[in-house]
Amino acid sequence: MTATAPAAEATVRKSSPGTARGPRRRTGRLRRVGLPYLLLLPALLLELLVHLVPMVIGIAMSFKELTQFYIRDWSTAPWAGLDNYSVSVDFDAPVGKALLHSFLVTVAFTVLSVGLCWLIGTAAAVFMQDTFRGRGLLRALFLVPYALPVYAAVITWVFMFQHDNGLVNHVLHDQLGLTDKPSFWLIGDNSFVALLTVSVWKGWPFAFLIVMAGLQNIPRELYEAAALDGAGMVQQLRRITLPSLRPVNQVLVLVLFLWTFNDFNTPYVLFGKSAPEAADLISVHIYQASFVTWNFGTGSAMSVLLLLFLLVVTGVYLALTSRGRRTAQ
């Protein structure tokens with residue numbers, strides 16, 4: 001009896017640390033799993049504060065008759081219901097007709113800008129795949145428009161598009177003789193061409209960077225095997241490069257579309273507060289409807305309609321691309 005009692009007590013002492021070690025292991029595992037989310041929590045809260053709160057306030061403002069008389073306390077503005085939305089989508093009235101024109105201009109501008117950015121960026125990335133002297137320097141030069149601050153780059157283009165002493169008219173009219181007289185690039189119909197030029201110049205290096213990164217994942221053995229089978233450069237591009245870049249291009253086109261459709265800095269710096277009718281993008285149009293005419297309720301309604309349009313287009317695009325990806329698999 002006396003010999004077995006100490007042995008039992010020793011067994012209990014040996015087993016008790018093991019039983020306590022289980023909760024400790026579980027607590028340590030929870031700490032390791034929860035620590036990354038805890039570290040991301042401040043950034044998530046700031047992201048919600050910066051984006052979600054203004055979005056909710058903007059939606060609430062769209063249902064109010066908010067003008068310059070209620071800026072001090074916008075919550076006291078009269079309730080307008082859906083009147084701001086009905087005015088915005090009434091395409092027979094001046095406000096709705098101007099918004100529709102701005103929307104169509106933005107769609108045409110976005111399609112051309114995204115298409116040219118993708119085409120130039122893809123061509124440059126494919127060209128840069130081959131090794132040659134000075135390739136690193138040329139890559140760095142290609143990325144200069146993307147690395148420059150937007151305001152500095154666009155202001156430079158403003159000086160280049162000047163009518164009397166701008167570089168564009170000097171080259172096209174004085175040196176090459178392609179025009180009968182110097183053109184006005186920042187007013188009239190030519191403003192759309194000027195805006196498209198600046199947008200493509202500023203955006204194609206991003207497409208070049210993304211496509212160039214995607215090309216690094218394509219095995220060189222595929223091109224070597226295709227060359228042995230007699231496939232030329234065009235066939236390799238159609239059969240190997242473009243199909244392999246399909247996931248990259250799907251994300252790239254979506255990002256370029258959202259950036260270009262919502263672009264405000266480029267037209268605002270290029271033309272100022274009042275953009276020409278030919279280059280009246282919807283971002284600047286909403287700004288004018290809100291801060292120039294002091295009708296913040298209508299401007300907020302236009303912003304909400306723009307948000308809904310972008311959400312619908314993004315959802316349809318993602319659904320179509322995911323369905324195409326599943327069909328290809």
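When a residue number appears, it is its place in the shown sequence, counting from 1.
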Kindly state whether the ring of [X] and the ring of [Y] have centres lying under 6.0 angstrom apart.
X	Y	value
Trp201	Trp157	yes
Phe296	Phe291	yes
Phe69	Trp294	no
Phe206	Trp259	yes

> Just checking, any donor-acceptor pair under 3.5 angstrom between side chains of His173 and Asn169?
Replying inline: no

> How about Tyr268 and Ser283: does a side-chain donor come under 3.5 Å of a side-chain acceptor?
Replying inline: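 Ser283 and Tyr268 do not have a side-chain donor-acceptor pair below 3.5 Å.
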
Heavy-atom side-chain proximity of [X] to [Y] below 4.5 angstrom:
X	Y	answer
Pro182	Asp164	no
Leu44	Leu40	no
Leu310	Leu307	no
His285	His101	no
Val200	Leu112	no
Val171	Leu176	yes
Ser88	Met302	yes
Thr110	Leu256	no

Between [atom1] of [X] and [atom2] of [Y], what distance do you get to the nearest 0.5 Å?
X	Y	atom1	atom2	result
Leu99	Thr298	CG	OG1	10.5 Å
Thr122	Leu237	OG1	CG	9.0 Å
Leu196	Ser191	CG	OG	11.0 Å
Asn217	Leu245	CG	CG	9.0 Å
Ser183	Asp189	OG	CG	11.5 Å
Met55	Ser300	CE	OG	13.0 Å

Is there a path of hydrophobic side-chain contacts, each under 4.5 Å between heavy atoms, that joins [X] and [Y]?
X	Y	result
Met61	Ile282	no
Leu116	Leu281	yes
Val269	Phe184	no
Met233	Phe127	no
Phe257	Leu209	no

How close do [X] and [Y] get, counting heavy atoms only, and between which atoms?
X	Y	value
Ser102	Asp280	OG-O, 2.8 Å
Ala301	Asn84	CB-CB, 3.7 Å
Ile286	Gly299	CG2-O, 3.6 Å
Met212	Ala125	N-CB, 3.7 Å
Pro205	Leu143	O-CD2, 3.8 Å
Ile210	Val248	CG2-CG1, 3.5 Å

> Checking side-chain hydrogen bond (donor to acceptor under 3.5 Å, both in side chains) for the pair Asp263/Thr260: CA distance, chi angles, key distance, verdict?
Replying inline: CA-CA 5 Å; Asp263 190 12; Thr260 307; over 6 Å; no

Are more than 12 heavy atoms from other residues, nucleotides or ligands located less than 6.0 Å from atom [atom1] of [X]?
X	atom1	answer
Gln236	CD	yes
Asp90	CG	yes
Asp180	CG	no
Arg135	CZ	yes
Glu65	CD	no
Phe159	CZ	no

>> Angle between ring planes, Phe309 versus Phe261, binned at 30° and 60°: parallel, tilted or perpendicular?
In response: tilted

> Hey, what's the ring geometry for Phe63 with Trp79, parallel, tilted or perpendicular (30° and 60° as the breaks)?
Replying inline: parallel

> Are Arg139 and Phe142 in a cation-pi contact, defined as NZ or CZ under 6.0 Å from the six-membered ring centre and within 45° of the axis?
Replying inline: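 Not flagged: Arg139 not positioned over aromatic ring of Phe142.
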
>> Evaluate Lys97 against Asp92 for side chain to side chain contact (heavy atoms under 4.5 Å, CB included), listing each step before the verdict.
In response: CA-CA 6 Å; Lys97 187 180 297 184; Asp92 295 328; over 6 Å; no

Counting distance only, does the side-chain N/O of [X] pair as donor-acceptor with the main-chain N or O of [Y] below 3.5 Å?
X	Y	answer
Ser62	Ile59	yes
Tyr317	Gln250	yes
Gln175	His170	no
Thr314	Leu311	no

> For Gln129 and Gln216, what are the C-alpha separation, side-chain angles and deciding distance, and is it a side chain to side chain contact (heavy atoms under 4.5 Å, CB included)?
Replying inline: CA-CA 9 Å; Gln129 285 301 104; Gln216 305 300 320; 3.4 Å; yes

>> Evaluate Val198 against Phe161 for side chain to side chain contact (heavy atoms under 4.5 Å, CB included), listing each step before the verdict.
In response: CA-CA 11 Å; Val198 177; Phe161 281 129; 3.8 Å; yes

>> Determine whether Val158 and Gln162 satisfy the following criterion, side chain to side chain contact (heavy atoms under 4.5 Å, CB included), listing intermediate values before the conclusion.
In response: CA-CA 7 Å; Val158 171; Gln162 291 298 318; 3.7 Å; yes

